[in-house]
Amino acid sequence: MMRELRTVDIFCQVLDNYGDAGVCWRLARILASLGQSVTLWVDDLTRLQRLRPTIDVSLAQQALDGFTLKHWSSTTTPEPVADLVICAFGCRLPESALLRMAAMTPAPVWINLEYLSAEQWVEQSHRLPSPHPRLPLVEHFFFPGFTQRTGGLLRESDLLAKRSAFDANARMKFLSQLGVNPQTGAHLVSLFCYPTAPIASLFQMMQSGPPVLCLVPEGVTPLAPASGKASTQGALTLQGIPFLDPDDYDRFLWSCDLNFVRGEDSASRAQWAAQPMLWQLYPQADRAQLTKLQAFLALYGESLDPLCANRLRHFSDWWNGEPVTPDWPGLMAVLPVLKARASIWQQQLAESGELATGLIEFAREIG
Ligand code: TRH
């Protein structure tokens, strides 16, 4: 018999940036919308506050988006009491919390939600058990991914319907609220990347055409104008916009002809946006991001004709730090083909299943 699961504790230790907290917030919100009673424990509330500015970082506990948000401070011992305990990205629970879990009857289902990767070994490791060396507890790995043999990507149940309903009028209205006035004939590009990206070179090559209006959220790079300001050089107009609420960030990705995204969550959202994207992966000490990039492009570029696949690969390699010469006009020339591919990719992903729903089903099975 499948186990009933009603309560979920999600634990998140922020390593860096916004993605760790962002993914956990999104998971918590989706699980809450599926009827689960969710508590999200985050050690660094200021990161999450950047995404959800209503958060009061001084509070130990507060309500947020249908779930309970708790501050996992150095002085609080988290007390998991839920049917399902999710540790995001391999975060470690203190011994006292594990002892408490081991004493529960039945013990909670314990999941380690891993990082996103398109590498093949993920399919073999997805759902594997990892028994605790001393306590009667078993942790299971749950891997996000891009194929049916992985956990898929997080997706709100109404996301694709909202995306489809976002027509040309809605786009113009949204952009004008941002103070953006897209000029006819200019490609609209969004830029979100790490400071390590060759941003100055990108801007320089964009100046030679084709015409581009590149929108840059606040805080991404000092090379872009401040929010509300714009500057034009050659074929490139750069415009600063505010850092957006995550739901507006989705609309922003839907609105642009090409999205530069980074890390894990913005890259996932760009795939649901079904628009061409260029992904800068989170840089790792051993340059493991390059292996991850190749694995992703092998899947994403699968049905592209060799010319387009090569242009995308070449430009992505350059954007991720490989010593190759980029071909910006060449890439822009195949944008319509990349757009068609992005739509098919989005449909494929949607057919592969959704992460939060799959995670709950798996937890019920093994519970
Ligand atoms: O912030 P990131 O670089 O996070 C990364 C990755 O998650 C990586 O896997 C992790 O190991 C590393 O941090 C430590 O990039 P990511 O994942 O895209 O998260 C950014 C979030 O910010 C995402 O949810 C989109 C959101 N966002 C907005 O809501 N508004 C905005 O204006 C922008 C630019 C981003």
Side-chain angles (χ1 to χ4, degrees), residues 12-30 40 42-44 46-55 64-65 87-91 112-119 122 143-146 153-156 159 174-175 177-180 189-197 199 214-221 224 226-228 239-256 259-273 277-289 291-293 295-296 319-320 355:
C12 174
Q13 272 165 341
V14 175
L15 180 67
D16 203 356
N17 306 322
Y18 313 117
D20 304 315
V23 168
C24 293
W25 164 78
R26 200 176 290 290
L27 173 65
R29 189 173 70 159
I30 296 177
L40 170 60
V42 181
D43 65 345
D44 184 353
T46 56
R47 299 288 173 154
L48 197 52
Q49 193 194 35
R50 179 82 162 136
L51 303 180
R52 305 295 291 133
T54 57
I55 290 175
L64 178 73
D65 298 323
C87 290
F89 314 122
C91 77
N112 176 4
L113 175 64
E114 274 290 347
Y115 284 108
L116 174 65
S117 172
E119 290 163 290
V122 164
F143 279 84
F146 306 98
L153 298 180
L154 286 169
R155 172 169 47 87
E156 295 75 7
L159 181 72
F174 173 71
L175 289 172
Q177 279 163 1
L178 283 185
V180 175
V189 173
S190 80
L191 182 71
F192 182 41
C193 61
Y194 297 109
T196 50
I199 305 169
C214 179
L215 304 172
V216 190
E218 205 166 21
V220 173
T221 171
S227 175
Q239 184 173 342
I241 61 160
F243 192 91
L244 300 166
D245 168 272
D247 293 330
D248 276 342
Y249 185 66
D250 277 337
R251 290 180 198 103
F252 179 52
L253 295 173
W254 304 344
S255 300
C256 292
N259 293 308
F260 283 81
V261 283
R262 76 181 202 190
E264 189 159 321
D265 197 47
S266 56
S268 305
R269 306 312 285 182
Q271 290 167 62
W272 294 129
M277 65 173 225
L278 280 161
W279 186 4
Q280 186 189 16
L281 286 89
Y282 182 69
Q284 291 173 263
D286 50 2
R287 290 168 69 79
Q289 76 274 11
T291 313
K292 290 185 178 175
L293 174 67
F296 174 73
W319 189 240
N320 280 276
L355 192 143

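This is a predicted model, so every value here is computed, not measured. Atoms within a ligand are numbered from 1 in the order they appear, just like the ligands themselves.
Not counting sequence neighbours, F174 has no partner by the ring pair (Phe, Tyr, Trp, His ring centres under 6.0 Å) test. Every residue two or more places apart in sequence or in another chain that forms a salt bridge (Lys or Arg N to Asp or Glu O under 4.0 Å) with D44 is listed here: R47. Not a single salt bridge (Lys or Arg N to Asp or Glu O under 4.0 Å) links R155 to another residue, sequence neighbours left out.
Aromatic ring centres of Y18 and F243 lie closer together than 6.0 Å.
Among D20, D65, D265, D247, the single residue meeting the salt bridge (Lys or Arg N to Asp or Glu O under 4.0 Å) criterion with R26 is D265.
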Show me a pair-per-line table, with atom names and distances to 0.1 Å, of protein N or O atoms that are under 3.5 Å from an N or O of ligand 1.
unit_1   : atom_1 : unit_2 : atom_2 : d
ligand 1 : 1 (O)  : Y18    : N      : 2.9
ligand 1 : 1 (O)  : G19    : N      : 3.2
ligand 1 : 1 (O)  : R262   : NH2    : 3.1
ligand 1 : 3 (O)  : N17    : ND2    : 3.3
ligand 1 : 3 (O)  : Y194   : OH     : 2.6
ligand 1 : 3 (O)  : R262   : NE     : 2.9
ligand 1 : 3 (O)  : R262   : NH2    : 3.3
ligand 1 : 4 (O)  : G19    : N      : 2.9
ligand 1 : 9 (O)  : E264   : OE1    : 3.4
ligand 1 : 17 (O) : E264   : N      : 3.0
ligand 1 : 17 (O) : D265   : N      : 2.8
ligand 1 : 18 (O) : R262   : O      : 3.0
ligand 1 : 18 (O) : S266   : N      : 2.8
ligand 1 : 18 (O) : S266   : OG     : 2.6
ligand 1 : 19 (O) : G19    : N      : 3.4
ligand 1 : 24 (O) : D265   : OD2    : 2.5
ligand 1 : 29 (O) : L244   : O      : 3.2
ligand 1 : 30 (N) : L244   : O      : 2.7
ligand 1 : 32 (O) : L244   : N      : 2.8

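A donor-acceptor pair is defined here as one N or O able to donate and one able to accept, closer than 3.5 Å; no such pair exists between the side chain of D250 and the backbone of R269.
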